[in-house]
2 protein chains.
Amino acid sequence: MLRLSGQPTMRASDATAAILKFRKGEIIYAQGDRVTDWYRVVSGTVRTCIIYPDGHRQLTGFYYSGDVFGVDRERHASSAEAVTAVALTVYRADSAATAPRSEADSRSGMLHSALNNAHACISLLGRRTANERVAAFLLATARRMGGRGALTLPMSRIDIADHLGLTIHTVSRTLSEFSRRGLITLDGPQTIEILDSDSLSGLADSHDADQPHPSCFAPRNLATANGA
Amino acid sequence: MLRLSGQPTMRASDATAAILKFRKGEIIYAQGDRVTDWYRVVSGTVRTCIIYPDGHRQLTGFYYSGDVFGVDRERHASSAEAVTAVALTVYRADSAATAPRSEADSRSGMLHSALNNAHACISLLGRRTANERVAAFLLATARRMGGRGALTLPMSRIDIADHLGLTIHTVSRTLSEFSRRGLITLDGPQTIEILDSDSLSGLADSHDADQPHPSCFAPRNLATANGA
DNA sequence: CGACAGGTTGAGTGAGCTCAAGTCGGGTGG
DNA sequence: CCACCCGACTTGAGCTCACTCAACCTGTCG
C-alpha cells in the first residue's frame, strides 16, 4: 500500500518526475477538464467530487499517500481538490503504460485501483442507514490511513456528509452517538480514536443479520456453452 | 464462495471466439471467484451484484448488448447473473491486451468502460430522493437500451430496488405516481413508455435547483509546480 | 382449483432532513 | 489585550419521505 519510496524521482528524461504541490482547498483539476495527467499522492489528502446540475455534490473518494487518482479517459468525470496541503507525482496519461516500474505504476494497475475506489464508494452509498455508513467510513478510513491509536480526519464534516450522502447534521449526531456509546472517542472535530472496532463493523453490516439473500442459491448451470 | 466453474470453453485457438449462453436467472460467475475471463453481452441482459454480510444486495450494473462486464482483477468483486436468457463473448482476462481489434476491445478500453459503469452507479445512489433515483434510472435505461417508443424493462422490481437502494414498494409507488402525473405510461410491470422526458430529467436533478456549490469557486492556483 | 411469485397499494412508524439556536476556536482589527 | 466576526461544528424540535407491515390483485404453473 505504501510505496512512498519514489519521492522526487528526478530523472532527466522521465515523464513522471514532476512533483506538484497544492495548498489546502486548491483545485487540482476540474470536472470536464481534458485529461492530460494521472496523479499519485505523495503527501496530504485529496478529494474527488462530482457536482450535479442541481448543485448537489458527491465526493467519489479521498486519496492518501500512495493512492492514485485522476484516472479518467478523455475528460475528467470529477474534479480533484486538495483537502490538506498536498504533494503529487504526475503521470502522463498517454504514456503511463510505457515501462512501468511496478504493477501499481502500470496503466492497468492504475485503472484497477480507480475501479477499487469506485467500488468502495458504491459500498458506502449502498448501505442503508446513517449508522452503517458512518461506521463503515470510519473503519475504511482507519484502515487506509494506517492506524493504531488516534485517527486524524483531514476532511471536514461537509466532506464526509457529501461522501456518504448524508447531511453534516446527521454525520455529527451519529459520531456523537458513537462516542456516547463508547465506540469511539472524539477529541475535537478532527481527532477520533476507535475504541471498539468490532462493534463498529457490526454496525456497518447490521440491518438485522437475517438470512442471506435468496439469489445466493440461484441455479448455476454452466453446461450450455457453444463453441465458436 | 464456491467456484464450481470449470467452464467448457471449447475454443480451438482463438481466446475470444467462444460464445457462452445462460438461461434466465443463472449465475455467470460468483462474487469472489478467481477471474479467468472478461465478458461482453451479445444478447440479453446481465446484472452484477454484491452481497454484503448482512444479506443486503447491491446491484452494481445492468449490461445490455455490447456492454462489457466482469472486468475485475484477481477475484470478482461482484457476482454476475443472467436477467434474461443471454449470449456472451468471452475474453481471456490475461490476454485481452494482445492485438485488440478496436479500442473497445482493448484491455484499458474495457477497464474504462467498467469505470464508467461504476460512476453511473454512484450517480444513481448519490441522488437523494426516490423520485430522483427512479427518474434518473428510467432515463439512463432508455438511453442505453435504444429508445424510441415503449421501453421493455427486462429486470424485476426487486432488481431495480436493489440497484437504486430503495424498496420494491417505493419503486412501485414512484412509477405509479409518474404514470398518474402523465410522465410515463405503464403497460404491465415491464413495459414503460416515457412521455415527458424533460420533466423526468427535471425530477432527476431537482432538489430545489438552488445555487451551485460554493466549491465551484475555489481558488485554482497551478503555479506551485516543481519541475524535475 | 389452490399455491405461489411478482406487483400494487394502504396505514402507520421512524430515521434523517429542515429549520433554528447555540457553542467553540481562530483570525483580524481596534 | 480584548472585542468582534466568521466558519465549522453541535444540538434541539418538528416534519417528511421512505421503510415496515399488511392486504390485495394478477398471472402462471401444477
Side-chain angles (χ1 to χ4, degrees), chain A residues 24-25 54-57 83-84 124-135 137 152-180 184-192 203 206-208 210 213-215 217-219, chain B residues 24-25 54-57 83-84 124-135 137 152-180 184-192 203 206-208 210 213-215 217-219:
Chain A
K24 176 173 177 171
D54 61 356
H56 163 208
R57 189 176 76 142
V83 173
T84 63
L124 285 176
L125 290 173
R127 284 168 213 276
R128 293 178 155 92
T129 69
N131 281 0
E132 285 171 24
R133 294 187 191 186
V134 174
F137 171 76
T152 299
L153 296 179
M155 73 293 287
S156 69
R157 294 286 185 271
I158 299 181
D159 285 346
I160 298 174
D162 286 349
H163 188 43
L164 301 181
L166 301 169
T167 62
I168 56 172
H169 313 278
T170 302
V171 171
S172 183
R173 268 187 255 272
T174 305
L175 288 173
S176 298
E177 184 200 326
F178 285 176
S179 171
R180 223 174 298 123
I184 63 175
T185 53
L186 284 169
D187 180 21
Q190 318 292 341
T191 303
I192 287 181
L203 271 179
S206 62
H207 209 61
D208 286 330
D210 48 8
H213 196 280
S215 125
F217 309 121
Chain B
K24 176 173 176 170
D54 60 356
H56 162 210
R57 189 176 76 140
V83 173
T84 64
L124 285 176
L125 291 173
R127 284 169 212 277
R128 294 176 154 91
T129 69
N131 282 359
E132 285 172 23
R133 294 187 191 186
V134 173
F137 171 76
T152 299
L153 295 178
M155 73 293 287
S156 70
R157 293 289 185 270
I158 299 180
D159 284 346
I160 298 175
D162 285 350
H163 187 42
L164 301 182
L166 301 169
T167 62
I168 57 172
H169 313 277
T170 301
V171 171
S172 184
R173 266 187 257 273
T174 305
L175 288 173
S176 299
E177 184 199 324
F178 286 175
S179 170
R180 223 174 299 123
I184 62 175
T185 54
L186 284 168
D187 180 21
Q190 318 291 342
T191 304
I192 287 181
L203 271 178
S206 62
H207 209 62
D208 286 331
D210 47 9
H213 196 281
S215 125
F217 309 120

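Numbered from 1 within each chain, the chains take letters A, B, ... in sequence-line order.
The shortest distance between the side-chain N/O atoms of A:Q190 and the OP1/OP2 oxygens of D:dC9 is below 4.0 Å.
Contact detail for A:L124 and A:R133: the closest heavy-atom pair is O-CG, 3.5 Å. Residues A:G165 and A:L125 approach most closely at N-CD2, 4.0 Å, considering heavy atoms. When all heavy atoms of B:H56 and B:D54 are compared, the closest pair comes out as N-OD1, 2.9 Å. Of all the heavy atoms in A:L203 and A:A135, the pair that sits closest is CB-CB, 4.1 Å. When all heavy atoms are compared, the tightest approach of A:P154 to A:T84 is CB-CG2, 3.7 Å. Here the shortest heavy-atom pairing between A:L186 and A:R157 reads CD2-NH2, 4.4 Å.
Distance A:M155 CE to D:dA8 P: 15 Å, rounded to the nearest Å. Across the protein-nucleic acid pair, A:F178 atom CZ and D:dT10 atom C1' stand 16 Å apart, rounded to whole Å. Regarding B:R128, its CZ atom lies at a distance of 14 Å from the C1' atom of D:dC17, rounded to whole Å. Counting to the nearest Å, the P atom of C:dT8 and the CD1 atom of B:I184 are 10 Å from each other. At whole-Å resolution of the value, CG in B:L186 and C1' in D:dT26 are 15 Å apart. Atoms CG (A:D187) and C1' (D:dT10) sit 16 Å apart, rounded to a whole Å. Atom CG of A:L153 and atom C1' of D:dT10 are 16 Å apart (whole Å). Going from atom CD1 of B:I160 over to atom C1' of C:dG7 covers 11 Å, rounded to whole Å.
Between the two ends of the helix from C:dC1-D:dG30 to C:dG30-D:dC1, each summarised by a five-pair axis, the helix axis turns through 20° (rounded to 10 degrees).
Of the inter-residue distances, the one linking B:L175 atom CG with B:L153 atom CG reads 8.0 Å to the nearest 0.5 angstrom. Atom CD1 of A:I184 is separated from atom OG1 of A:T174 by 9.5 Å, given to the nearest 0.5 angstrom.
Distances from the side chain of B:S156 to the nucleotides D:dC9, C:dG16, C:dG7 place C:dG7 closest. Of the candidate nucleotides C:dT9, D:dC9, C:dT8, C:dT8 has the atom lying nearest to any side-chain atom of B:R157. When each of D:dA18, C:dG16, C:dT8 is scored by its nearest atom to the side-chain atoms of B:T129, the top-ranked nucleotide is D:dA18.
Side-chain contact between A:F137 and A:V171 is absent, with no heavy atoms from C-beta onward closer than 4.5 Å.
Non-hydrogen atoms lying under 4.0 Å from DNA chain C are contributed by A:G165, A:L166, A:T167, A:H169, A:T170, A:R173, all within residues 163-173 of chain A.
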